[in-house]
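Numbers here simply count residues along the sequence, with the first being 1.
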Amino acid sequence: MSSAETVIEMLRRHVREGARHIANQHLLIARLKQHSLPTEDAEALLVTFEQLQRQHEDHLARVEAEASSR
């Protein structure tokens, strides 16, 4: 987090970055499948990315709700 970045901006950035990681992981899995390569590890990592993304989104929603109630 840069000194000019607020907590909400940081959380929004984390959500955006997480979405990019998930999209990239889907592409990687598709490429592996095209080449008949194993995908189990990549798919397990995707599950982890998706779980983390939900946590980031939930955290952002809580912080935004708290900020709007002030």
Do NZ/NE/NH1/NH2 and the carboxylate oxygens of Glu9 and Arg13 come within less than 4.0 Å? no
Is Leu45 reachable from Ile22 through a run of hydrophobic residues whose side-chain heavy atoms are each under 4.5 Å from the next? yes
Less than 3.5 Å apart, which donor and acceptor atoms pair up between the side chains of residues 55-65 and the rest of the protein, not counting sequence neighbours?
| from | atom 1 | to | atom 2 | distance (Å) |
| --- | --- | --- | --- | --- |
| Glu57 | OE2 | Gln53 | NE2 | 3.3 |
| Glu64 | OE2 | Arg12 | NE | 3.0 |
| Glu64 | OE2 | Arg12 | NH2 | 2.8 |

Result block: side-chain N/O donor-acceptor pairs under 3.5 angstrom for residues 23-36, not counting sequence neighbours:
| from | atom 1 | to | atom 2 | distance (Å) |
| --- | --- | --- | --- | --- |
| Asn24 | ND2 | Arg20 | O | 3.3 |
| Gln25 | NE2 | Ala42 | O | 3.0 |

